[in-house]
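Position 1 is the first residue of the sequence; numbering continues from there. First listed ligand is number 1; within each ligand, the first listed atom is number 1. Only a predicted model underlies this, so the values are computations on that prediction, with no experimental measurement involved.
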Amino acid sequence: MQKVESQIKAVERESVSLVRNMVRQFCDREIAPEMMKWDESQEFPISVFKKLGALGLMGVMVPEQYGGAGFGYAEYITAIVEISKTDGSIGLSLAAHNSLCVNHILLFGSDEQKREYLPKLATCEWLGAWGLTEANTGSDSGNMRTTAVRDGSDYILNGSKNFITHGRSGDVAVVLARTGPLGVSGNISAFIIERGTAGFTSGKKENKLGMRASETAEIVLNDCRIPASQLIGKEGDGFKQAMKVLDGGRISIAALSLGIATGAYEAAVKYSKERHQFNQPISSFQGISFKLADMATEVEAASLLTYRAGDLKDRGQEVTRESAMAKLFASEVAVRTANECVQIFGGYGYTKDFPAEKYYRDAKLCTIGEGTSEIQKLVISRSILR
Ligand SMILES: Cc1cc2nc3c(=O)[nH]c(=O)nc-3n(C[C@H](O)[C@H](O)[C@H](O)COP(=O)(O)OP(=O)(O)OC[C@H]3O[C@@H](n4cnc5c(N)ncnc54)[C@H](O)[C@@H]3O)c2cc1C
């Protein structure tokens, strides 16, 4: 029995390093040469995601029977970390597609819905979006205003969803809407809506500080009629489903944060050895080397929390607290590490000739998306005090 277990672990390690090597090569070839152009112009490089689909990374955890790679969180976290070391924007879009849209259908969709949508999403024949947030309800998403009213064998949806990753380019969206009176989160339901459905359009695309190559746009629903078969699970279960989806999603934002922090840390170490002032490398100054020590320690701790949350999730355990802790800590580490990275690069860190400024801009999203740091503390403290 022991032998079998250790063989399984060896296989797991092999698949993680396989993913790591594959993604590294992909980043060098397909992302690094173009990323500053995408960032400057806010171009969403859809072709990159089609290629990631061909590598199995748009359905990392989708079982093979639905066309996915059938991996667990260790491989998924590793893929996001490696991509985000190079470009957080691509990491964010990869995370949103896999963790939110795909995972919502995977966790709560009917077998028919899974067979219909997961193979297309896992290969990125279709790109996915997920709409919970509205202009007036972000942290307080349970108070959403978008409605879905039953009409015979259909639902008619009205409202809009704000800040949606792939709000324009997404071919299919999981959208949360109210199916009963306002103020009761139990009255929220989840629906799958395909692009091209009458009344389903996109609004404003956000012009952002960072993560500029990840598309963030409004989804508008105007008398959007969809068959009742597009409801995910039972009417009224949508909010509970969304919170479960976010439990996993927060692990992916922790991975995104970890990737940005690792990239910023590694860039800072390299630069500090190359840059000379006062006839010596700046790494020889304790003021710099102690910063590197702090960065290394925090990145390591963020990594442990992130992989631990993923490991628990793979074992089928509740991870509401653990994923919130990983997301809270790793995202704050990403911001601190990117800040110190700019400092170590000095004036060059403030220019676009070096990667420091981009890490700095991209990192900030991690303390906001999929629940702000304050909301993570709310989730953690509730679980401690209940
Ligand atoms: C780039 C990007 C991509 C995104 N992608 C998606 C997506 O794909 N799908 C989706 O549905 N959403 C998405 N979002 C939305 C994101 O999840 C929300 O922006 C986030 O949850 C915060 O909501 P808000 O912006 O309305 O801020 P608010 O909720 O208005 O918060 C403002 C401030 O008040 C604080 N605050 C609020 N309530 C409390 C409280 N109870 N206690 C203490 N402090 C509190 C917050 O922490 C924050 O500091 C995205 C956002 C961005 C920027």
Side-chain angles (χ1 to χ4, degrees), residues 38-39 42 44 49 84 87-104 121 127-146 159-178 185 188 190-191 193 202-221 238-239 241-250 252-254 256-257 260 323-324 327-328 331-332 334-335 358 361-382 385:
W38 301 330
D39 183 75
Q42 278 219 121
F44 176 62
F49 296 94
S84 310
D87 187 352
S89 287
I90 308 298
L92 173 61
S93 274
L94 184 76
H97 172 93
N98 274 285
S99 282
L100 302 179
C101 181
V102 171
N103 217 27
H104 200 136
L121 288 163
L127 182 71
W130 189 76
L132 174 70
T133 307
E134 297 181 1
N136 293 317
T137 53
S139 303
D140 187 17
S141 56
N143 261 322
M144 67 178 61
R145 298 294 198 272
T146 296
S160 64
K161 293 286 164 181
N162 212 29
F163 289 138
I164 306 307
T165 304
H166 316 144
R168 277 192 184 173
S169 298
D171 298 288
V172 63
V174 171
V175 169
L176 283 298
R178 179 165 295 291
S185 60
I188 291 169
F191 301 91
I193 313 181
S202 301
K204 183 187 167 208
K205 177 178 168 177
E206 302 297 341
N207 183 4
K208 308 196 296 295
L209 167 73
M211 302 292 195
R212 289 170 58 80
S214 176
E215 178 188 274
T216 314
E218 190 185 20
I219 285 179
V220 181
L221 301 160
F239 196 72
Q241 293 172 4
M243 294 304 111
K244 285 275 170 230
V245 167
L246 285 173
D247 281 350
R250 284 168 183 159
S252 70
I253 301 299
L256 170 68
S257 312
I260 293 173
S323 63
K327 199 262 182 193
L328 169 66
S331 64
E332 296 290 342
V335 170
K358 185 169 181 301
R361 288 184 289 111
D362 288 347
K364 192 58 201 159
L365 179 273
C366 301
T367 68
I368 296 169
E370 297 198 28
T372 61
S373 288
E374 291 77 12
I375 294 305
Q376 304 313 312
K377 289 183 189 178
L378 207 79
V379 171
I380 297 163
S381 58
R382 271 187 194 148
L385 298 171

*Asks:* Any nitrogen or oxygen of Thr133, main chain or side chain, under 3.5 Å from a nitrogen or oxygen of ligand 1?
*Replies:*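 So ligand 1 has an N or O lying under 3.5 Å from an N or O of Thr133.
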
*Asks:* Determine yes or no for a side-chain-to-main-chain donor-acceptor pair under 3.5 angstrom, with Lys377 supplying the side chain and Leu328 the backbone.
*Replies:* no

*Asks:* Considering distance alone, does some N or O of Thr137 sit under 3.5 Å from an N or O of ligand 1?
*Replies:* no

*Asks:* Considering only protein heavy atoms, which is closest to atom 3 (C) of ligand 1, and at what distance to one decimal place?
*Replies:* Thr165 OG1, 3.5 Å

*Asks:* Going by distance only, is there an N or O of Leu92 that falls short of 3.5 Å from an N or O of ligand 1?
*Replies:*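 Such a contact does not occur with ligand 1.
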
*Asks:* What is the closest protein heavy atom to atom 19 (O) of ligand 1, and at what distance does it sit?
*Replies:* Phe163 CD1, 3.9 Å

*Asks:* From the options Ala173, Ser99, Ser139, select the one whose nearest heavy atom is closest to atom 36 (N) of ligand 1.
*Replies:*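 Comparing heavy atoms across Ala173, Ser99, Ser139, the nearest one to atom 36 (N) of ligand 1 lies in Ser139.
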
*Asks:* Are the side chain of Ser99 and the backbone N or O of Ala96 linked by a donor-acceptor pair below 3.5 Å?
*Replies:* no

*Asks:* Between Glu370 and ligand 1, find which residue part has any heavy-atom pair under 4.0 Å and reply side chain, backbone, both or neither.
*Replies:* backbone

*Asks:* Please list the nearest protein heavy atom to atom 24 (P) of ligand 1 with its residue and the distance rounded to 0.1 Å.
*Replies:* Gly138 CA, 3.9 Å

*Asks:* Nearest protein heavy-atom contact for atom 9 (N) of ligand 1: which residue, which atom, what distance?
*Replies:* Trp130 O, 2.8 Å

*Asks:* Specify side chain, backbone, both or neither for Leu365, according to which of its non-hydrogen atoms lie closer than 4.0 Å to ligand 1.
*Replies:* side chain

*Asks:* Give yes or no for whether the N/O distance cutoff of 3.5 Å, strictly under, is met between Gly369 and ligand 1.
*Replies:* no

*Asks:* At what distance is the nearest protein heavy atom to atom 20 (C) of ligand 1, and which residue and atom is it?
*Replies:* Ile368 O, 3.5 Å

*Asks:* Rounded to the nearest 0.5 Å, what separates atom CG in Asp140 from atom CD1 in Ile375?
*Replies:*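 Rounded to the nearest 0.5 Å, the CG-CD1 separation comes to 8.5 Å.
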
*Asks:* Under the side chain to side chain donor-acceptor pair (under 3.5 Å) criterion, do Ser373 and Thr367 qualify, and how do the steps go?
*Replies:* CA-CA 5 Å; Ser373 288; Thr367 68; 4.7 Å; no

*Asks:* When you measure from the side chain of Arg361 to the backbone N and O of Leu209, does any donor-acceptor pair fall under 3.5 Å?
*Replies:*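 Present.
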
*Asks:* Which option, Thr372, Leu246, Ile253, owns the non-hydrogen atom nearest atom 46 (C) of ligand 1?
*Replies:* Thr372

*Asks:* Just need the protein heavy atom nearest to atom 42 (N) of ligand 1, so name the residue and atom and give the distance.
*Replies:* Leu378 CD1, 4.6 Å

*Asks:* Using 0.5 Å steps for rounding, measure from the NZ atom of Lys327 to the CG atom of Leu256.
*Replies:*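 Rounded to the nearest 0.5 Å, the NZ-CG separation comes out at 9.5 Å.
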
*Asks:* Any idea which protein heavy atom is nearest atom 41 (N) of ligand 1, and the distance to it?
*Replies:*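 Looking at atom 41 (N) of ligand 1, the protein heavy atom closest to it is Ile375 CD1, 4.2 Å.
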
*Asks:* Consider every N or O of Glu374 and every N or O of ligand 1, then say whether any pair is closer than 3.5 Å.
*Replies:*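 Between Glu374 and ligand 1, an N or O pair is found under 3.5 Å apart.
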
*Asks:* When the ring planes of Phe49 and Phe44 are compared, do they come out parallel, tilted or perpendicular, using 30° and 60° as the limits?
*Replies:*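 Because their plane-to-plane angle is under 30°, the rings of Phe49 and Phe44 count as parallel.
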
*Asks:* Between Glu134 and ligand 1, does any nitrogen or oxygen pair lie at a separation below 3.5 Å?
*Replies:* no

